[in-house]
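Numbers for residues simply follow the sequence, beginning at 1.
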Amino acid sequence: MMWALLLVLAFSSLTEQQAANQCPTVTNVHPKSGLYGQVYTVTGSNLDLVSHVNASNGYGVVITEQGESELRFRFQVHSGNNEVITFNLSTNSSVNCTSIPLEIHIYGISPVVSMVSSDDGQPGTVIRAGGCFPPVCGDNSTSYTIKVGGILVELLPQALTGSTYNSAFYIRLVSINDSIPDASIVLVSGYGTEYTLAGRIINYRKNATLISSITPSSGQTGTNVRITGTDLIGLGGLNIALQSVSIGGTLAEVIDSSQTEINIKVSSDTGVGTQDIVISSIQTSTDNNAVLSGPSTNITGMWTQLEDGVITSLVPPAAQTNATVYACGMRLLGGGSNISNVNIDGIESLNFSIGLDNLSNPSLPSECIRFIVPENTTGGFISITSNTGAIVSTKTDLFLSYANITSVSPNRGQEYTYVTLNGSNVLSGYNSSDNITELSVECGGIPASVLSYESDSVHVRVNPTNLINALSNIQITVTNYGLTFTVSIPNAWTYLIPGQVDVVTPSFGQYGTRLEITGTNLTGYGQSVQSVRILGSQTGNISVDPYVEFQVISSSESLVLLSVPQPFNASYTGFVDIVLVSDNGALVTGSEVFEYREMGRIDSVNPSQGQRGTYVNITGFQLFGYGSNASTVRFGGIEAAIDYTTSSPSFISVRIGSNSNLTNSTNVTISIISDTHAIVQSSSNWTYLKEGVIDSVTPSRGQFGSLVTINGSNLLGGGISIAQIYIDGVPPNIVSFNEDQIIVTLGDHTSRTDGIPSGEVYIESNTGAIIRGGTFEQLLPGNITSFSPLSGRLGTIVTIHGFNLKGYGSAITNVTVAGYAALSESFETDSSESTLVISIDTAPNGTTGPIHIHIDTGAVIESSESFTYTEPGSISTVSPSTGSEGVGLLITGSLLEIGSDGPAITNVTIGGSEVLRIVTSSPNQVTVIAGPAPIIGNSLLVRVISSDGSYVEGGNSFTYQNLSLSIVGRNTGQYGTQVTLNAPFPATEVASVYFDNQEATIITTQQIDSNSSTVAVTTPRPQRLGQFTVDVSVENNRHIFARLVNGFTYLPEGAIYTVSPSFGQRGTIITLTGERLQGGGDSVVTVDIGGVAATISNYSDSYVNVSLSGNLPNGQSSFSDITIISNTGATITRLDGFMFIEPGQITSISPLSGQHGTIVTLRGTGLLQGNMDIISITVAGNEAQLMDSPNDTYVVVQLMHGMEETGSVIITLDSGAQISSNGLQFSYITAGNISSVSPPVGTVGTIVSIVGTNLRGGGMEAAVVKLNGVPATIISETDTLITVEASIANVSSGGVEIISNTGSIVSGENSWTYEELGNITTVYPQSGQQGVSVTIEGLNLIGSSGSGIIEVTLAGIPATIVSQTNATVQVIAGYSNSSISGPIVMREATGPIIISSFNWLYYEAELVSISPSTGVNGTYILLNGTNIIGRTRQSLYCLRCKFWLHTSL
């Protein structure tokens, strides 16, 4: 069975008689289903003729209101079953009309609650209600809301699954101001009908949770808190559980919970100060296990969050196991009275207390906890746990580090050994920058000298002891602010027997003497001897402090090699102690084991100055330093060469080495090192002169004979002449020399000298000084291997072959052939310098000799073969001797062509200009056609040239005559420009016109006189780009030319760079941009696109704007060329520059008629021409507004106000193209008009009739009707009448607007006013039985329409209206057979419904007994029962008994 509201309206068709008699007609009924007792509204026409309404089941029907277009009736009684009832609307018998049946589905079952999950609740409680609800029970609405105690509560559809919404619902109680002990449940259907769900009353509490105590009432992070009370988790029998507890918005850790006690732990990040505690619960749906938020309790002012304790310092910062550590800071007791635990990274300290002991550190807080570092820990974070559970911990940057000594290096040694103690925090966590008042280190109980220390290492020096070969403990003690902290390591050090010096060899010497020391453990158990010192002597002539240090050359445990240092007193002689210092700091001493003797000295140096290579003699005392010979002599550190053949302790001869780092140094130290390494020095006997420098060698390479220049400074090395000089190992010939420049010519490369450095210049002065430098490469000399031909005459081209023909120079300066200079102005070889081409000059016949190539370096290359000059030719005559371009010439002479085997004639020039062609040639005569004239009027040289380059010439042989050729008008332009020439030939003789040898197109020729004509031509396309000037020539039919030199200037051709848009159709506006678009002219006369002429709107040299005047034939799509033609005839073309696309076409318009607001859909092809933008659309000549996003096939517009016209639709694109609907037409129809709105004032529920013409604006139906902008519910509609029901809205005035399904808009301004909705403020009494008089008071109860209240119900029971005003309505309560509660509902005649925000209560009354049951007038009777006089104290008046009876409940 379908539990839904159903309406079946069966309207009988009107008979002709009914139509003639104006019988009633029905258009609609509302609502279309419902319960008995409900009022139904019928709309139509002639309804005032209806006399009565009958129900098919025989129960009563009451007409409550009746008019011509509207009738209302109430179905008073019902059987209680769900059934379809036919209501017949009948007229009086005097009116001959057939009754009209209306079939309405009536439901007799009201919504009911069969169970609730809890009848006790508070704000947030989730309650499940089961029963029967709409659309199964009650009306057919598919949605409803729930009120509890008159309070709208939250409906929870998420707690249900599937379609169970009609048999169960979940609600969440909301906040209320006061508790409602007996709160009824009311279901409000989607139609606004309220159903009191009888049988269940909820005790709706404002707040059920009571807090007894919070212990403690304050604390820090981690504090354990106990909350006690009742209903702590909240009321609600639907699977309620604790969700969370938060303090100041921060979740706390829940330990355990019940309705009477909750234990939590305070979380971090809780704000300091008085904080609210919020207890939140959750409930679970029994239908789909959905988790729902439940009640929550806010506890205010009962908890104070204290600032967390903090450990700010650890004293010491690091420690070993069992060491005492102080954790100092603030609020260390965590808000409690004592501490229960101290641990390090989870390991508990069993020994802790509160206090500072004797800690006297003014920078530390006064609050400290002392504890002993437990075993099995290596440090970490410190946590102090209060007796409240609060935990105070060190932060991430503060933790106790572990202190220990991990290594001792070395771990054994003798006295004075350096020892490094490494580990972790060996200073108990302190470092060198901390306030360490005392630091001591003991090795085996013997204090060591502390040298330096850091946080992880201490460096000490072991002091002497008697403990030999015994393991000893090491302990580091740090004192800080009165507290002493130790870090130790057991059995870590062993003292060993000290080392001993046995023999020193030699036992005497001087500064630099090399000593050899032998003994035992000389390195003091270290790796090596680091230094050796002289600490004093028996005579006391050397101070112990400072000491003198030896240079250690090598060392081992048994042998040390040393170099004796200078004594502090240079004149000291005698014995001294030697102390060996090991790299580990140990000391090994030898007493009086070496004797200082008198130092050797240098008395004289001759000469006293010089440079590299200078010979020097040295004299003095003990020059060998008590050795047997000198091994090295240095001048300023530069080693000199020793002449050992003459050396003795008093005399040494040397040759100075290179002094490049000591240029111009005076008082240069001379050092003599003996074979014993003793050093004898002098610092004032020698001056290094500035060493000679070669700055440049030019050229840097060459061959025999090349001139080379050497530039530099001090090239003679302090001497006066050059003893030897070599360039690349080859001695050259000296041309000149001085200190700054030496000029030489290169010698034969075969004379290279062994032992002399190659690739550079080597100069040796007469003093022996040597100057070296520069770079030079002497190469094999260039060579002529062959040349061809071996003979010739004037002009003959000779090709020379060989290698290095430039002789390594940069240029060839001259070439001579048998002593005569060649003709060339410059001589260039090929890139490999193996080929040189020359032209020979004239010379006497038979002259013979070699070829010489002269190089700019001075080198000369000579051929081994000879060249022979032959007999020259001659020109006798040139006939004719005058003429113009194209004339034939006969040249006669001798040897013009050299025999049948010799070179043939290849060219003839006149004044240097080539003839057009050679006709015939022989040794004695040549015929030619004259070429263009290089000059007019001068007699020019004629030259006959053979294939070998030789030529015969004759002076002043031919003179060119002037043939006048001119250009009339424009002499500049581009390709295609029309040019007019005045030619010196008759029109009939003009054969061709040339521009730079490119033939032009002759347009016309016109005779001027017998010898001249005008020629019009079109310029040919040049073979060059850019702007340039060319000759113009006219040729006649006799091949005579008239030439105008530089007669025409070609301008750069115009170019079309961009075409925008590059595609389109007829009407498209196109912009062409580029350069020189006017073709060098003054205007653009034609633009052609694919053969379609374009209309020119404006132009310049850089742009042309046109619009297409047509499409390609048949509307085809194709790429097309663009051609611009200027007024000069010049053309500019862009190939495939534009694409014609198929024209757009509108194929359908829907609808084909409409008015303002109508939505019109245009469909077609190419509507946007690809991706163009629409700039306007006109419909029948009226502008339309573009809607949505158009595309190539679909455009939607909305009609604006327009004249009643019929016409085409035209789309105009931003390209200028237009797409027209052509044969398709659209018609503007007469605009709709609203003539009246009745009533003009109302509120939600008011039934409004809108009368006018064409109200649906040409559409099929009204889609939206708005009253002052608020959509109303449409009840019925025609083109002349639309009936709507007003929706809820604020008080306001405005117009009525009807929007049809086509979007058309019909509106009436200032035709509707929303008034304030009526409001029931008070009712008296608020409960009662049938017959009770009820006074209802409020505001605007009957509205401005004045139509009045037609129906009042109390808790859904109809009441009888007694009287009514805008402020008061008096009614008599109707009959109810049960106790029910519900709102007061009043319905105005125009439709608005006013519902009270409070309920009216019907209660049951029962008369149980009357005693006595009979009597006479005046008999007193006793009436017993329930609520027999209502729930108010009043007098009961008995009309029948004629007496008053006073009673009370």
Side-chain angles (χ1 to χ4, degrees), residues 311-329 332 342 344 349 351-375 377-380 382 394 397-409 417-465 467 472-493 585:
I311 300 173
T312 58
S313 59
L314 296 174
V315 182
Q320 290 180 309
T321 300
N322 297 321
T324 298
V325 178
Y326 297 87
C328 301
L332 298 181
V342 176
I344 305 173
S349 173
N351 191 341
F352 55 84
S353 62
I354 303 173
L356 284 173
D357 292 347
N358 296 323
L359 184 62
S360 59
N361 187 341
S363 66
L364 295 176
S366 59
E367 189 176 342
C368 293
I369 303 296
R370 181 183 62 80
F371 62 92
I372 303 299
V373 178
E375 295 183 356
T377 181
T378 57
I382 310 300
T394 51
D397 58 347
L398 181 66
F399 58 91
L400 181 67
S401 300
Y402 191 66
N404 68 331
I405 302 171
T406 58
S407 67
V408 179
S409 179
T417 297
Y418 295 121
V419 179
T420 298
L421 312 177
N422 290 315
S424 300
N425 303 300
V426 297
L427 302 182
S428 296
Y430 297 105
N431 55 48
S432 58
S433 62
D434 292 325
N435 188 16
I436 298 177
T437 56
E438 184 178 344
L439 174 66
S440 62
V441 178
E442 293 182 357
C443 297
I446 305 299
S449 299
V450 178
L451 304 178
S452 64
Y453 56 88
E454 296 293 338
S455 59
D456 295 327
S457 64
V458 178
H459 304 280
V460 300
R461 194 170 197 179
V462 178
N463 289 319
T465 181
L467 298 174
S472 305
N473 299 337
I474 294 179
Q475 177 174 292
I476 301 173
T477 302
V478 175
T479 302
N480 183 291
Y481 290 106
L483 292 178
T484 299
F485 310 104
T486 61
V487 180
S488 62
I489 182 172
N491 301 325
W493 171 257

Legend entry - Glu367 side, atom CD; Ile311 side, atom CD1 - distance, nearest 0.5 Å: 10.0 Å

Legend entry - Heavy-atom pair with the smallest gap, counting every atom of Gly380 and Ile344: N-CG2, 3.7 Å

Inset, instruction - Identify the two heavy atoms, one from Arg370 and one from Thr324, that lie closest to each other, and give their separation to 0.1 Å. - result: CG-CG2, 3.5 Å

Legend entry - Distance, nearest 0.5 Å, that separates CD of Glu438 from OG1 of Thr477: 8.0 Å

Legend entry - Shortest non-hydrogen contact from Gly329 toward Leu332: N-CD1, 3.8 Å

Inset, instruction - Could you tell me whether a side-chain N or O of Asn463 sits under 3.5 Å from a main-chain N or O of Pro447, the two making a donor and an acceptor? - result: yes

Inset, instruction - For residues Tyr453 and Val478, determine if any side-chain heavy atom of one lies less than 4.5 Å from a side-chain heavy atom of the other. - result: no

Inset, instruction - Report yes if the side chains of Pro316 and Val325 come closer than 4.5 Å at any heavy-atom pair, otherwise no. - result: yes

Legend entry - Nearest heavy-atom neighbours spanning Val426 and Ile476: O-CG2, 3.8 Å

Inset, instruction - Could you please spell out the steps behind the side chain to side chain contact (heavy atoms under 4.5 Å, CB included) verdict for Gln320 and Val487? - result: CA-CA 7 Å; Gln320 290 180 309; Val487 180; 3.6 Å; yes

Inset, instruction - Test side chain to side chain contact (heavy atoms under 4.5 Å, CB included) on Asn404 and Ile489 and set out the steps. - result: CA-CA 8 Å; Asn404 68 331; Ile489 182 172; over 6 Å; no

Legend entry - Evaluation steps, side chain to side chain contact (heavy atoms under 4.5 Å, CB included), between Ile382 and Phe371: CA-CA 10 Å; Ile382 310 300; Phe371 62 92; 4.0 Å; yes

Legend entry - Non-hydrogen atoms of Ile405 and Leu421 that approach each other most closely: CG2-CB, 4.5 Å

Legend entry - Exercise: identify the closest heavy-atom pair between Asn425 and Tyr402: ND2-O, 3.0 Å

Legend entry - Asp456 CG to Leu427 CG distance, which is reported to the nearest 0.5 Å: 8.0 Å

Inset, instruction - Kindly write out the residues that satisfy side-chain hydrogen bond (donor to acceptor under 3.5 Å, both in side chains) with Thr420, not counting sequence neighbours, or none if the list is empty. - result: His459

Legend entry - Under 3.5 Å: donor-acceptor pair, side chain of Ser349, backbone of Ile372: yes

Inset, instruction - Apply the test side chain to side chain contact (heavy atoms under 4.5 Å, CB included) to residues Leu439 and Tyr430: give CA-CA distance (whole Å), side-chain angles for both, the deciding distance (0.1 Å), then the verdict. - result: CA-CA 11 Å; Leu439 174 66; Tyr430 297 105; over 6 Å; no

Legend entry - Asn491 (side chain) donor-acceptor with Ser472 (main chain) under 3.5 angstrom: no

Inset, instruction - Kindly say whether Asn422 contributes a backbone atom to a donor-acceptor pair with the side chain of Thr406 at under 3.5 angstrom? - result: yes

